[in-house]
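Note sheet for the following structure.
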Number of protein chains: 2
Amino acid sequence: MARKARTHYAILGLICWKPMSGYDIKKMVEVGLRYFWSESYGQIFPTLNRLVDDGLATKKVDPESGGRRRQVYTATRSGRKRFEAWLRQPTDLPRLRDELKLKFFLTSRSETDEGVRLLEEYRTQQLEHLAMLKESEVIFATALQGAGMPEELDQLMKTLDWSDSDMTDEQSHEILVFYLTLRSGILVAEARVAWVEEVLPILQAGKLPETL
Amino acid sequence: MARKARTHYAILGLICWKPMSGYDIKKMVEVGLRYFWSESYGQIFPTLNRLVDDGLATKKVDPESGGRRRQVYTATRSGRKRFEAWLRQPTDLPRLRDELKLKFFLTSRSETDEGVRLLEEYRTQQLEHLAMLKESEVIFATALQGAGMPEELDQLMKTLDWSDSDMTDEQSHEILVFYLTLRSGILVAEARVAWVEEVLPILQAGKLPETL
DNA sequence: TCAGACATGTAAGTCGTTACATGATTCA
DNA sequence: TGAATCATGTAACGACTTACATGTCTGA
């Protein structure tokens, strides 16, 4: 397998988690993992077939499927081993390429106004993102507090192949993990907003406050 | 130019900021921008020549250079215009692909211990990163408070072609901008550590605290 | 019957890193 | 003289997205 092969392991991990088709994987990523991961069809299908070639997964046609025949992929024993070995390997920090900070830096020889404008754009963007995350947070928290299963989780439930009437401990644990990863997105977005609040007055004053 | 062409604009922006060679750009990125950007030689040199082909930059040999002849690139008028237009375009959110959160999610059907281990690894990693950032913070703050120019800034000073005896207002403004982008890295790293502190006890308890 | 959802896939191109090749100068 | 550093560049690969092509079933 290739150098980092993050996509390979992401997909291998998902089919270890639960046998799935390429389409299921895409749904799963869009509904549940979108706060910290993305995959496109152009990666998913070639990768799945590559996993089969490498003996890490098997493919079989789902006999129950209506529509075009679903190809369901399942991790083999050696696939699981490979996945578990990857889990234990040290994890790189996410790649840093923050376009807005680059723009901000590059305006340092222009008018201060330009930097202020960029910071305000950043704040607006992050606040919108935050609002979206907080909506999801409420949905997950409702489910976790046993106060019913919000409609918005239905699609996720279906992808996970759960019946909506009975929530087992394991399912509730999985919803908890969704919630926890979501919290991380919220804390980071809040930190970015806090950064703007800290930095705007300094930039406008042109210097650090005396009280540092 | 290509779809997003972040690298093109990053490099164009740097030579608008100040005429530089490919080698200077690499240094600049490593010393000053590394908290939010990266570029490799494999991108820098082809991109610089592409900018010349497109009429956005000019190349000339630096007559004063010892060693192998330096090729110094300068933005043309149309290069500057292009760069300024890019600055005003809406900025995408950074791409999300956080490998550790993926691992954390994928362990949700394994033993809780595995998730705990990953969170602790994340905390350690972030704390190390934070310590490094805070060292740099002290260095920049010292310079900004006029308490002398720390040795560690020498390389940066040289890349920016400043003599170390006189710090003009403009130079001090640029150091301020370095400092402000650094603060952003610090706030985000702190938020990630806070996330671990929040999440570890919840994961170990297996449920949200009653007091939510 | 036909729009829309489900489902799988490919081609082309963009984006980015790593490893390597090369050459000149400085200084111990 | 020869190691370190400054400096430029390419080839090969790997990572990822977008747009497109295709096919099947369901239900209005």
Side-chain angles (χ1 to χ4, degrees), chain A residues 1-11 19-31 34 37-53 59-73 92-99 102 154-155 158-159 161, chain B residues 1-11 19-31 34 37-53 59-73 92-97 99 102 155 158-159 161:
Chain A
M1 227 187 275
R3 246 186 313 145
K4 302 285 174 175
R6 284 179 238 278
T7 293
H8 281 67
Y9 283 112
I11 289 175
M20 279 194 260
S21 71
Y23 197 77
D24 291 341
I25 288 171
K26 181 69 173 157
K27 272 276 172 302
M28 182 74 187
V29 169
E30 276 171 359
V31 175
R34 69 182 151 134
W37 204 258
S38 64
E39 291 297 348
S40 58
Y41 284 128
Q43 296 263 97
I44 291 171
F45 288 105
T47 297
L48 282 169
N49 288 320
R50 176 66 193 279
L51 291 174
V52 172
D53 290 348
K59 175 205 304 218
K60 55 174 181 267
V61 173
D62 178 359
E64 308 220 331
S65 58
R68 184 166 169 177
R69 274 169 291 305
R70 291 176 71 232
Q71 315 277 329
V72 177
Y73 294 80
D92 290 345
L93 285 170
R95 198 175 20 140
L96 296 170
R97 234 146 187 269
D98 189 322
E99 200 174 338
L102 176 69
D154 269 5
Q155 201 184 0
K158 251 182 237 157
T159 303
D161 208 15
Chain B
M1 226 188 275
R3 243 185 315 145
K4 301 286 173 174
R6 285 180 237 279
T7 293
H8 282 67
Y9 283 111
I11 290 176
M20 281 193 259
S21 70
Y23 197 77
D24 291 340
I25 287 171
K26 180 70 173 157
K27 273 276 172 303
M28 182 73 187
V29 169
E30 276 171 359
V31 175
R34 68 181 152 135
W37 204 256
S38 64
E39 291 296 348
S40 57
Y41 284 127
Q43 296 263 97
I44 292 171
F45 288 106
T47 297
L48 282 169
N49 288 319
R50 176 66 193 278
L51 291 174
V52 173
D53 290 349
K59 176 206 302 219
K60 54 173 182 266
V61 172
D62 177 0
E64 308 221 330
S65 57
R68 184 167 169 178
R69 272 168 295 302
R70 292 176 71 232
Q71 314 278 329
V72 177
Y73 294 80
D92 289 345
L93 284 170
R95 198 174 21 142
L96 294 170
R97 235 148 186 267
E99 200 173 338
L102 177 68
Q155 201 183 359
K158 251 181 236 158
T159 302
D161 209 15

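So that the names make sense, note that chain A is the first sequence line, chain B the second, and so on, each numbered from 1. These values consider heavy atoms only, across backbone and side chains, with no hydrogens, waters or symmetry-generated copies.
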Specify the separation, in whole Å, of atom [atom1] of [X] and atom [atom2] of [N].
X        : N       : atom1 : atom2 : answer
Met28(A) : dA7(C)  : CE    : C1'   : 19 Å
Arg50(B) : dT10(D) : CZ    : C1'   : 17 Å
Ile11(B) : dT8(D)  : CD1   : P     : 13 Å
Lys26(B) : dT17(C) : NZ    : P     : 8 Å
Arg70(B) : dA7(D)  : CZ    : C1'   : 9 Å
Ile44(A) : dA7(C)  : CD1   : P     : 14 Å
Asp24(B) : dT5(D)  : CG    : C1'   : 14 Å
Ile25(B) : dG16(C) : CD1   : C1'   : 16 Å

Is the shortest side-chain heavy-atom distance between [X] and [Y] below 4.5 Å?
X        : Y        : answer
Trp37(B) : Met28(B) : no
Ile25(A) : Gln43(A) : no
Arg97(A) : Pro94(B) : no
Asp92(B) : Arg6(B)  : yes
Lys59(B) : Asn49(B) : yes
Gln71(A) : Val61(A) : yes

Assign Tyr9(A) to base, sugar-phosphate, or nothing according to its heavy-atom contacts below 4.0 angstrom with the strands shown.
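Result for Tyr9(A) = nothing.
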
Contacts under 3.5 Å, N or O only, protein and nucleotides 3-5 of chain C:
none

Can you name the closest pair of heavy atoms from His8(B) and Thr47(B) and give their distance?
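Distance-wise, the nearest heavy atoms are CA-CG2, 3.8 Å.
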
Once rounded to the nearest 0.5 Å, what's the spacing between atom [atom1] of [X] and atom [atom2] of [Y]?
X         : Y        : atom1 : atom2 : answer
Ser40(B)  : Lys26(B) : OG    : NZ    : 6.0 Å
Tyr9(B)   : Leu51(B) : OH    : CG    : 10.0 Å
Leu102(B) : Leu96(B) : CG    : CG    : 12.5 Å

Phe45(B), nearest nucleotide to its side chain (from dG9(C), dT8(C), dT8(D))
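Closest nucleotide among those given: dT8(D).
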
Considering only dG9(C), dT8(D), dT8(C), which nucleotide approaches the side chain of Lys59(A) most closely?
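Ranking dG9(C), dT8(D), dT8(C) by closest atom to the Lys59(A) side chain puts dG9(C) first.
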
Can any side-chain N or O of Asp24(A) pair as donor or acceptor with the backbone N or O of Ser21(A) at less than 3.5 Å?
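Confirmed, Asp24(A) side chain pairs with Ser21(A) backbone.
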
At a cut-off of 3.5 Å, list every protein nitrogen or oxygen paired with a nitrogen or oxygen from nucleotides 14-18 of chain D, distance to 0.1 Å.
from, atom 1, to, atom 2, distance (Å)
dA15(D), OP1, Lys4(A), N, 3.2
dA15(D), OP1, Ala5(A), N, 2.8
dC16(D), OP1, Arg97(B), NH1, 2.7
dC16(D), OP2, Thr7(A), OG1, 2.9
dC16(D), OP2, Arg97(B), NH1, 3.0
dT17(D), OP2, Ser40(A), OG, 3.4

Over its full length, what angle do the end axes of the helix from dT1(C)-dA28(D) to dA28(C)-dT1(D) make, each axis taken from five pairs and the result rounded to 10 degrees?
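Taking the rotation axis at each end, their angle is 10°.
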
